[in-house]
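Read through the structure below, which is laid out as structure tokens, and then see the notes.
Chain letters run A, B, ... following the sequence lines, proteins first and then strands; every chain starts at 1.
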Amino acid sequence: MQALEGIRVVDLTTGVAGPHCTKLLADFGADVIKVEPPGGDPTRNVRPFAGDVPHPERGLLFLHLNTNKRSVTIDAETEDGLELLLGLIEQADVVVEDFDPGDAEELGFGYEQVSANRPELIYCSITPWGQNGPYVDLGFRASDIVLQGMGGPVAATGSPDREPLKLGGSLALMQAGLVGAWSVAMTLLRVEADGEGDHIDVSVHETQMGSRDRRTTSLTTYAYQGTPSSRRGGVAGLVLGGGAQPCLDGYVNITAIGPKIHQFVEMIGMGHLSGDERLMQPPLTLDPAFVEEISTAYLAWSMSRTKREALIEAQSYGMLSGVINTPEDLVNDPVFRGREVFEEIEHPVAGTFEYPSRPLLMGETPRQPASRAPLLGEHNAEVLTELLGVSAEDLPLLKGVGAI
Amino acid sequence: MGNLPLEGVRVADITVVWAGPHVTQLLAEWGAEVIRVEPRTRIQPATRGAERRPPTPEELQAMAAQGVTLAGFPDFVGRPDPWNRGASFNSHGRNKLSMTADITTPEGREAFLDLIEHCDVVVENNVPETIEKAGITYDVLSKRNPKLIMLRMPGFGLNGEYKNYRGFGLHMEAVIGHTHVRSYPDDIIEAAGDVVTSDAIAGIQGAFAVSMALRHVRKTGRGQLLEQPLAEAFLPIIGEFLLDYTANGRNTDPQGNRHRTHAPHNYYPCRGEGDYIAIDCDSDEAWMAICEFLGADDLLANEEWMTAAGRYRDQVALDEALGDHTSRFDQRALFFGLQAAGVIAGPVQNEAAAYACPQLAERGFFEETGNTSTGTHLYPGLNLRMANTPNHIRTGPPLLGEHNEYVYREVMGYTEEQYRALEEIEQIGFGYAPGVAPFAEE
């Protein structure tokens, strides 16, 4: 069996956070029915496109985030559409939604409405600020770059000499989606034990504020010392030689933390310093001339090696290290390929190419090969017939009144 | 009012540094009984933050002045027991218990195996060879407890050339391409600094995996091994860039703060020293609203910038011109003013701003907790809520060895004699064994 086999999810989300949540549920075996508004999830039209041809079935972000799902188009603002949607929700174990707080209630499928006779329902809401609070009352809008800046470690990311730097892609939204998937999976344990569902409230803002990318540690330090983080120090500020280091063909990053610093100076040909007490001091408190001496030797060492050579040597000294890859480097890396972290998926419109396959391996519940993201409304007939007993004759009728 | 969903689940925690402890933090927050199994006969690097002498108050002040806050202590004081006082450990330690046993010694290993019989889950994120040398791989543990779930989080996997490669989150994301794609488009890569986002992702991903495996145990009675390499768990998070290569052969350039289509989309300087505001312009109407709010007639006059395509094409010049305007405004005025005009905008908040954030305050994000060494402070709270299951931090970060009595005697059922025997050989004790942390007595 697959890990989430037997779980049905009605997915009312668009964009990145919600679809990432339901992708994870679908990839591990849940039956996810993606209910799209008649025009489709807007992410279908987000760049980049397969073959660089703009088309709602070619958006790569969409294709990535919607594997293993079924798509139905329902206009919940029509009377017939709402009835269909409520029918689907009745058949579901989980609802995931990302409407502005209050909007789902207004449309007739808020948590209180759909859980009244079904306490076992899990209803997961993923929104920028959560379900309440002054920014919700004020109707504030948000997006990934804003939520990273307000909640995440942005103030401490990048160069002190210029504007701060966000994290890659849609990091905050992806992370919040992952929190959503986790919250659903653990609540399922309780539902299956004693029938008690819940209304889960994921605030992207708070998933960043509670993030282990330096944020919770920096917040705790602030509570302890009253000192905020900045772009001056960072992780590299803790160790001599930390940060990106140029090599013949790219960059390596070596972190000689704690006593490893003595092996580090040996490695870069400064063995006479090994054992020197000064090496154990925080680098920012060292004599700049001493730091300069080590930096110069480190640069001479790294610039006479390829990044791979530098990495292998650093690892042989037991040093925490990694090379800085481009996407091309990674996809072609034989070790990653050997572990099958990519899988080929066919798609009738977008074509056939490789996708990232899985975040982990489960020994007893191996993940099955993914099926591609659905075409818009591809499963209208299948889902409505199978779950709601809508007859073949009624389907065109529902289309006629704009319900699907 | 529901029980916490993970109530009744017991977790043995032999994690180090950040990613593994984040998994067990999340499990503990939602009801699991998490028991950290920690050596007191050696110091685990970068875990209880005391792998060398703790920084002096003067050194901590100097570091803080440079914005280095990943090794903070209450009132800048690490001594006498830095392992109980460090922000790095204490930011994830709440709700967990601490027992002492060194799994790399025969006696400590035996105690750990006894504990495993009373646990549902074990979580570890050591270099694979450490677990192999200790003789506590899944085949060994599952013989003692077939229902056991073991989550292993190596850097790169349990096989392959990189199997025993050592790294922090920052090295994993360098390898999978995150460092490259998030760098400034117009600067050297060194300027991007180091981040450890893969620790954050791996922590949540691990809690998700354990929850799914618990469901499987309840249905089938079978535990399992979960293999979740840090690098592989993070890789799908930047999937669209990898797909752009596999589908289109495009090797994405550094993106920095750029959006796929929106411009302006960046952090812009405000009047206050070091203040920045995020602005994300998602429509032509938003562009006009931004210009009108700023009174920026010169920006409005540029016809090229009236369309999304024009703004995107010219975003370097546009960012600079817009920054000239925003830098005349107070951050808060920009935030509330732009939002009132329907523009997506928000302040870059450092920790001081986070603790003062009205949204977090009303939601009760920060919670007071602590232990006898640190006293009480306001800590970052839960990263999700359940409407029918009010939840809070229950206990503060555990002192090293604080729960030995409870775990050995009540959970494992050790006799007085067994307990004393382990005390005598320094397996059981409070704090580090004599000589392990000499700085404590300096």
### Query
For B/Arg250, is it the side chain, the backbone, both or neither that has a heavy atom under 4.5 Å from a heavy atom of chain A?
side chain

### Expected output: side-chain A/Asp213 to main-chain B/Val196 donor-acceptor under 3.5 Å
yes

### Query
Nearest heavy-atom pair of B/Ser211 and A/Trp182: which atoms, and what distance?
OG-CD1, 3.8 Å

### Message
Treating A/Gln175 as the side-chain partner and B/Ile201 as the backbone partner, does any N or O pair qualify as donor plus acceptor under 3.5 Å?
### Response
no

### Residue among A/Leu24, A/Asp329, A/Leu138, A/Val202 with most heavy-atom pairs under 4.5 Å to chain B
A/Leu24

### Task
Let me know if B/Leu170 has heavy atoms under 4.5 Å from chain A in its side chain, its backbone, both or neither.
side chain

### Query
Of the backbone (N, CA, C, O) and the side chain (C-beta and beyond), which part of B/Ser183 lies under 4.5 Å from a heavy atom of chain A, both, or neither?
backbone

#### Entry: Portion of B/Tyr245 that has a non-hydrogen atom of chain A nearer than 4.5 angstrom
side chain

### Query
Quick one: do the A/Tyr251 and B/Glu190 side chains pair a donor with an acceptor below 3.5 Å?
yes

### Message
Regarding A/Asp198 and B/Thr389, do their side chains bring together a donor and an acceptor under 3.5 Å, going by distance alone?
### Response
yes

### Task
Identify whether the distance between the nearest side-chain nitrogen and carboxylate oxygen of B/Glu232 and A/Arg358 falls below 4.0 Å.
yes

### Message
At a 4.5 Å cut-off on heavy atoms, which part of A/Lys260 comes close to chain B: side chain, backbone, both, or neither?
### Response
side chain

### Query
Non-hydrogen atoms of chain A under 4.5 Å away: do they reach the side chain of B/Gln255, the backbone, both or neither?
neither

### Any donor-acceptor N/O pair, B/Arg260 side chain to A/Pro48 backbone, under 3.5 Å
no

### Query
Using non-hydrogen atoms only, which part of B/His259 is less than 4.5 Å away from chain A: side chain, backbone, both, or neither?
neither

### Message
When you compare the side chains of B/His171 and A/Thr255, does any donor N or O come within less than 3.5 Å of an acceptor on the partner?
### Response
yes

### Message
Is B/Leu6 in contact with chain A via its backbone, its side chain, both, or neither, using a 4.5 Å heavy-atom distance?
### Response
side chain

### Query
chain B: which of A/Asp144, A/Thr207, A/Ile324, A/Leu189 shares the most heavy-atom pairs with it under 4.5 Å?
A/Leu189

#### Entry: Side-chain (B/Gln359) to main-chain (A/Asn132) donor-acceptor, under 3.5 angstrom
yes

### Message
Strictly below 4.0 Å, N to O, side chains only: are A/Glu5 and B/Lys219 in salt-bridge contact?
### Response
no

### Message
Does any backbone or side-chain atom of A/Phe62 lie under 4.5 Å from a heavy atom of chain B? Answer side chain, backbone, both or neither.
### Response
neither

### Query
Can you say whether B/Ala352 sits under 4.5 Å from chain A via the side chain, the backbone, both, or neither, judging by heavy atoms?
both

### Query
Who among A/Glu192, A/Met319, A/His20, A/Gln148 has the most heavy-atom pairs with chain B under 4.5 Å?
A/Glu192

### Task
Measure from the side-chain N and O atoms of A/His64 to the backbone N and O of B/Pro236, and report whether any donor-acceptor pair falls under 3.5 Å.
yes

#### Entry: Sole residue of B/Val348, B/Asn266, B/Asp319 in side-chain contact (heavy atoms from CB on, under 4.5 Å) with A/Glu163
B/Asn266

### Task
Please determine, by modelled atom types, if B/Ser88 and A/Thr217 share a side-chain donor-acceptor pair under 3.5 angstrom.
no

### Task
Please assess A/His205 against B/Arg363 for the test side-chain contact (heavy atoms from CB on, under 4.5 Å), listing each intermediate value before the final yes or no.
CA-CA 11 Å; A/His205 183 216; B/Arg363 301 247 310 161; over 6 Å; no

### B/Thr246 backbone acceptor or donor facing A/Tyr355 side chain under 3.5 Å
no

#### Entry: Segment of B/Tyr268 engaging chain A (4.5 angstrom heavy-atom cut-off)
neither

#### Entry: Spatial distance of atom CZ (A/Arg214) from atom CG (B/Leu70) [nearest 0.5 Å]
7.5 Å

### Under 3.5 Å: donor-acceptor pair, side chain of A/Asn325, backbone of B/Val175
yes

### Interchain contact, B/Tyr138 with chain A, by part (heavy-atom threshold 4.5 Å)
neither

### Heavy-atom proximity to chain A below 4.5 Å, by part of B/Pro347
both

### Query
Please walk me through it: do B/Arg385 and A/His199 pass side-chain contact (heavy atoms from CB on, under 4.5 Å)?
CA-CA 8 Å; B/Arg385 321 232 154 194; A/His199 183 191; over 6 Å; no

### Query
Is chain A contacted by the side chain of B/Leu26, its backbone, both, or neither, given a heavy-atom distance below 4.5 Å?
both

### Query
How long is the span from the CD1 atom in A/Ile145 to the CD1 atom in B/Ile344, to the nearest 0.5 Å?
10.5 Å

### Message
Could you check whether any side-chain N or O of B/Asn248 sits under 3.5 Å from a backbone N or O of A/Phe49, counting only pairs where one atom can act as donor and the other as acceptor?
### Response
yes

### Message
Please check this pair: side chain of B/Tyr267 against backbone of A/Val154, looking for a donor-acceptor N/O pair closer than 3.5 Å.
### Response
no

### Task
State, with a plain yes or no, whether a side-chain heavy atom of B/Tyr165 is found less than 4.5 Å away from one of A/Ser321.
no

### Query
What part of B/Arg215 is in contact with chain A, defined as an atom under 4.5 angstrom from a non-hydrogen atom: side chain, backbone, both or neither?
both

### Task
Would you check if the side chain of A/Arg232 reaches a backbone N or O of B/Gly67 as a donor-acceptor pair within less than 3.5 Å?
no

### Residue B/Tyr276 versus chain A: region with a heavy atom under 4.5 Å
side chain

### Query
Between B/Ala213 and A/Met362, which heavy-atom pair has the shortest distance, and what is it?
N-CE, 4.1 Å

